[in-house]
Undergrad: 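This is the structure I have questions about; it appears just below.
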Amino acid sequence: MSARLNPEQQRAVETTEGPVLIFAGAGSGKTRVLVHRIAYMVQERGISPWQIFAVTFTNKAAGEMRERIERILGEGAKDVWISTFHSAGVRILRRHIEKLGYGKAFVIYDDSDQMTLIKKCLEELGLNPKIFSPRSVQSRIDAAKNELIQPKDFSQDDFFGERVAKVYELYQKKLIENNAVDFGDLLLLPVRLLEEHPQVLAEFRHRLRYLMVDEYQDTNHAQYRLIKLLAGERRNLCVVGDDDQSIYRWRGADIRNILEFEKDFPNCQVIKLEQNYRSTKNILAAAGEVVKAIAGRCEKTLWTDNDAGEKIVYFTGPTDKHEAQYVVAEIQKIREKMDLKLSEFAIFYRTNAQSRIFEDELRKQNMPYVIFGGVRFYDRMEIKDILAYLWVLANPADSLHLRRILNVPARGIGDVTVEKLEKLAAERGLSLLETLPFASEAGIASGTAKKIATFHQLIQTLKTYQTTEPLDHFVKTLMEQSGYIESLKAEQTIEAESRLENLEELVNVVADYMTSTEEPSLEAFLDQVALVSDLDQAADRSLSLPLMTLHLAKGLEFEVVFFVGMEEGILPHIRSFDTLEEMDEERRITYVGMTRAKKHLYLTNALKRRVFGNDQYNLPSRFLEDLPQDIVQRIEMPYESFGGRTAWNQDRDDDWDEAPASWASPKPIPRKEDPNNPYKIGAKVRHPIFGVGTIRDCEGNEDNRKITVAFSEVGQKKLIAKFSNLTILG
DNA sequence: AGCAACCGTGTTTTT
DNA sequence: CACGGTTGCT
């Protein structure tokens with residue numbers, strides 16, 4: 001990128017007063033502008049750093065911004081408030097949550113904690129988990145929270161909604177009992193706080209005079225409200241985003257926030273950053289064609305001074321295995337010609353499940369790789385167990401985490417006992433921890449009661465250690481005193497060995513935290529841990545090939561990108577076939593992925609792939625049809641070479657079935673209706689659980705067929721035909 | 001209480 | 001295929 005800012009960037013930097021909307025196209029130097037803008041405000045406009053609040057979505061983005069501002073401003077940068085929405089929420093709540101009836105020491109429940117609690121609610125309400133799957137209830141509750149909908153306002157207009165409203169209500173009650181908040185609350189409660197407590201709002205408004213929001217296209221309603229409240233009359237709000245890169249609709253992101261910003265904040269300045277510094281002309285042109293078809297997007301013309309570059313390669317292999325072999329072989333080939341680190345390549349896929357076949361091939365070729373967003377360190381069982389101990393110590397009301405550790409490691413306190421304790425707790429209105437001394441009154445045998453007393457004693461002892469020992473040492477003590485380490489050692493398995501290593505690593509994490517923080521505390525440590533994602537914990541990955549989902553790829557860039565699985569059903573994903581909005585989002589996801597590439601872009605797919613153990617034949621992705629043919633180099637692996645000796649399949653022993661008829665045509669094949677579809681729209685069907693209903697819609701073929709059925713009792717449901725057990729009534 | 005074997009079920013994306 | 005959840009056995 002050029003050393004100087006271009007005129008639009010300059011304007012974006014210098015427009016500091018009033019509402020500003022910056023459309024920042026892919027690779028247009030957005031972060032640079034944000035950083036310079038803050039520096040400019042401080043250095044040229046004399047604005048105090050602590051009056052500036054910059055919000056991002058990921059810790060990584062926040063950290064990067066902070067680092068770059070520090071490079072310009074030095075110490076002064078420390079006072080600029082740069083954080084994610086969620087950490088900002090935590091910070092606001094730690095200070096003020098008592099005004100909302102929670103205790104200061106509240107615990108943050110992650111989604112698995114949330115799921116546990118929801119399951120408990122479902123059970124208590126006697127709801128059939130077959131109909132009310134915890135997952136769907138969770139997503140309904142989350143969606144409600146994103147929309148700032150409280151349990152009492154929850155839409156109850158159908159059978160499902162009515163019950164979910166009950167679950168939501170109970171769930172929220174339980175959160176409060178446990179003095180706990182979930183991720184949604186981290187946004188919802190601050191909004192409530194500011195709306196219900198004008199003096200608090202006034203304080204924040206007085207202090208935070210300049211607001212900046214990154215990735216504004218991804219804000220949900222709660223985030224929007226929060227920002228709008230803080231902006232107040234002063235309206236010194238600068239939002240930066242790109243509607244073409246809005247890919248979090250499913251998580252509540254509302255693209256209208258950015259598209260209607262001008263209406264929402266009249267007289268705002270609109271700045272478009274349209275010069276791309278990242279990609280070749282060819283890559284930009286191809287990506288541009290994919291999003292062009294989206295209606296209602298903000299017109300932008302992304303351009304670049306860079307060379308046209310190489311053509312985009314579109315490869316089709318006979319199977320997913322060949323696809324993986326091709327990609328890995330191609331990486332090796334490029335590395336022989338060019339001096340590129342493995343970290344300058346990347347493989348992108350739509351769904352996590354797709355990574356496996358590439359991992360197999362990479363292992364076979366001894367090529368080191370890293371999966372972005374695999375199992376999170378903090379999601380590992382042993383880590384969650386120890387963290388549960390820590391949460392309980394930080395917040396004694398947290399019965400959910402207490403329950404988790406009560407018998408971990410095993411100490412003879414079983415489910416039956418726990419249930420008795422919980423019953424007593426409910427009767428007396430105590431927390432689970434508070435009932436421990438009364439075990440014998442809960443009808444628990446004296447032997448077990450003794451074990452409970454020992455556990456209770458353990459917690460007390462740990463509490464004293466907590467105050468006397470430095471945090472890292474204390475965590476180690478906890479692991480030992482609780483018997484956790486011992487029980488793992490006793491297992492004598494390789495798995496236990498690796499768990500022990502993880503625990504060691506956890507102690508290291510705590511130690512690192514202590515050196516990097518001015519006032520380390522258990523509570524602050526837990527807050528931080530609750531909010532980190534995988535993307536944030538960047539190790540030294542320069543020697544490994546990165547593999548990631550398209551969603552994780554946003555914001556990153558690579559010299560060479562392999563965009564794999566370009567097939568109907570995968571990208572666009574089968575679940576997005578219903579509505580135009582969802583299909584448009586798939587387009588944007590494609591656009592985001594393509595625009596990550598600086599020099600080389602490969603799009604690949606396969607004619608046949610294994611899914612859940614059986615074969616699937618997908619058509620080429622419709623998005624491939626949008627590519628300008630003159631900048632695409634087509635590579636098809638010839639049918640004849642399957643059993644032969646090609647660069648990619650020398651030692652394969654692929655079981656190869658009869659080729660399907662569709663192969664006769666190597667070009668994208670027009671999608672047509674499946675004549676063997678037994679599920680005709682309008683037909684009546686019976687489901688073993690949901691009862692009788694009418695088919696409303698049907699999509700996909702054979703194993704992928706999904707049908708939408710309107711049931712008279714439980715409302716509309718989408719079913720996978722293969723699994724649905726439907727009886728067709730005619 | 002703890003484990004093994006089984007079953008049914010379902011697959012997007014995650015701060 | 002793979003996982004979570006449940007059952008049934010020791």
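Below, chains carry the letters A, B, ... as their sequence lines are ordered, and counting in each starts from 1. Here the structure is a predicted model, which is why all the values come from computation and not from measurement.
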Undergrad: Give the rounded distance in Å between these two atoms: NZ of A/Lys554 and C1' of B/dT12.
TA: 16 Å
Undergrad: Counting only heavy atoms not in A/Arg95 (residues, nucleotides, ligands), do more than 12 fall under 6.0 Å from its CZ?
TA: no
Undergrad: Just how far, in rounded Å, is C1' of B/dT14 from NZ of A/Lys60?
TA: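 One finds 15 Å between C1' of B/dT14 and NZ of A/Lys60, rounded.
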Undergrad: Ring stacking, A/His573 with base of B/dT12, under 5.5 Å and under 30°?
TA: yes
Undergrad: Suppose we screen for side chain to side chain contact (heavy atoms under 4.5 Å, CB included). Which residues come up paired with A/Thr351, at least two apart in sequence or across chains?
TA: A/Ala353, A/Gln354, A/His573
Undergrad: Only one of A/Phe372, A/Tyr349, A/Phe348, A/Tyr248 passes ring pair (Phe, Tyr, Trp, His ring centres under 6.0 Å) with A/His551; say which it is.
TA: A/Tyr248
Undergrad: Just the rounded figure in Å: distance from C1' of B/dT14 to CG of A/Asn59.
TA: 13 Å
Undergrad: Using a 4.0 Å heavy-atom cut-off across all strands, classify A/Asp218 as base, sugar-phosphate, or nothing.
TA: nothing
Undergrad: Check side chain to side chain contact (heavy atoms under 4.5 Å, CB included) between A/Asp111 and all other residues, then give those that pass, not counting sequence neighbours.
TA: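 If we apply the side chain to side chain contact (heavy atoms under 4.5 Å, CB included) test to A/Asp111, skipping adjacent residues, the hits are A/Gln114, A/Gln138, A/Phe183.
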Undergrad: Using the C1' atom as the reference point in each nucleotide, state the distance between B/dT12 and C/dG5 in Å, no decimals.
TA: 23 Å
Undergrad: Could you check whether A/Arg91 makes a cation-pi contact with A/Trp81, meaning its NZ or CZ is under 6.0 Å from the centre of the six-membered ring and within 45° of the ring axis?
TA: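 Yes, A/Arg91 lies over the aromatic ring of A/Trp81.
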Undergrad: Start at the 5' end of DNA chain B and walk down; is the nucleotide closest to A/Asp111 or to A/Glu582 reached first?
TA: A/Glu582
Undergrad: So if I take every side-chain heavy atom of A/Lys119 and compare against B/dT14, B/dT12, C/dG4, which nucleotide ends up nearest?
TA: C/dG4
Undergrad: If the cut-off is 4.0 Å, is A/Asn352 near the phosphate of B/dT12, judged by side-chain N/O to OP1 or OP2?
TA: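 For A/Asn352, the contact criterion (side-chain N or O under 4.0 Å from OP1 or OP2 of B/dT12) is not met.
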Undergrad: Once you round it to whole Å, what is the distance between C1' of C/dG4 and CD1 of A/Ile118?
TA: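 It is 17 Å, rounded to the nearest whole Å.
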Undergrad: In terms of side-chain heavy atoms, does A/Ser112 have a donor or acceptor partner in A/Lys384 at a distance below 3.5 Å?
TA: yes
Undergrad: Separation of A/Met115 atom CE from C/dG4 atom P, in whole Å?
TA: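 The distance from CE of A/Met115 to P of C/dG4 comes to 11 Å, rounded to the nearest Å.
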Undergrad: Find the distance A/Ile574:CD1 to B/dT13:P and express it as a whole number of Å.
TA: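 Atom-to-atom, A/Ile574 to B/dT13, this comes out as 15 Å.
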Undergrad: Checking A/Asp254 against A/Tyr224: is there a side-chain donor and acceptor pair closer than 3.5 Å?
TA: no
Undergrad: Would you say A/Arg356 reaches C/dA2's phosphate, i.e. side-chain N/O to OP1/OP2 under 4.0 Å?
TA: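 The answer is yes; a side-chain N or O of A/Arg356 sits under 4.0 Å from OP1 or OP2.
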Undergrad: With a 4.0 Å limit, can you tell me whether A/Arg251 has a side-chain N or O closer than that to the phosphate oxygens OP1/OP2 of B/dT14?
TA: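 Checking B/dT14 against A/Arg251, no side-chain N or O comes under 4.0 Å of OP1 or OP2.
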Undergrad: Can A/Asp110 and A/Tyr378 be counted as having a side-chain donor-acceptor contact under 3.5 angstrom?
TA: no
Undergrad: Taking 5.5 Å and 30° as the limits, would you call A/Trp250 and the base of B/dT12 a stacked pair?
TA: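 A stacking contact does not exist, since A/Trp250 is not both close and nearly parallel to the base ring of B/dT12.
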Undergrad: Could you state the CG-P distance from A/Asp615 to C/dC1, rounded to the nearest angstrom?
TA: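 One finds 12 Å between P of C/dC1 and CG of A/Asp615, rounded.
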Undergrad: Find every protein N or O atom lying less than 3.5 Å from an N or O atom of nucleotides 1-4 of chain B, and list the pairs.
TA:
| unit_1 | atom_1 | unit_2 | atom_2 | d |
| --- | --- | --- | --- | --- |
| B/dA1 | OP1 | A/Gly414 | N | 2.7 |

Undergrad: For A/Thr549, which contact category applies under a 4.0 Å heavy-atom criterion: base, sugar-phosphate, or nothing?
TA: sugar-phosphate
Undergrad: Separation of A/Gln354 atom CD from C/dA2 atom C1', in whole Å?
TA: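 Atom-to-atom, A/Gln354 to C/dA2, this comes out as 17 Å.
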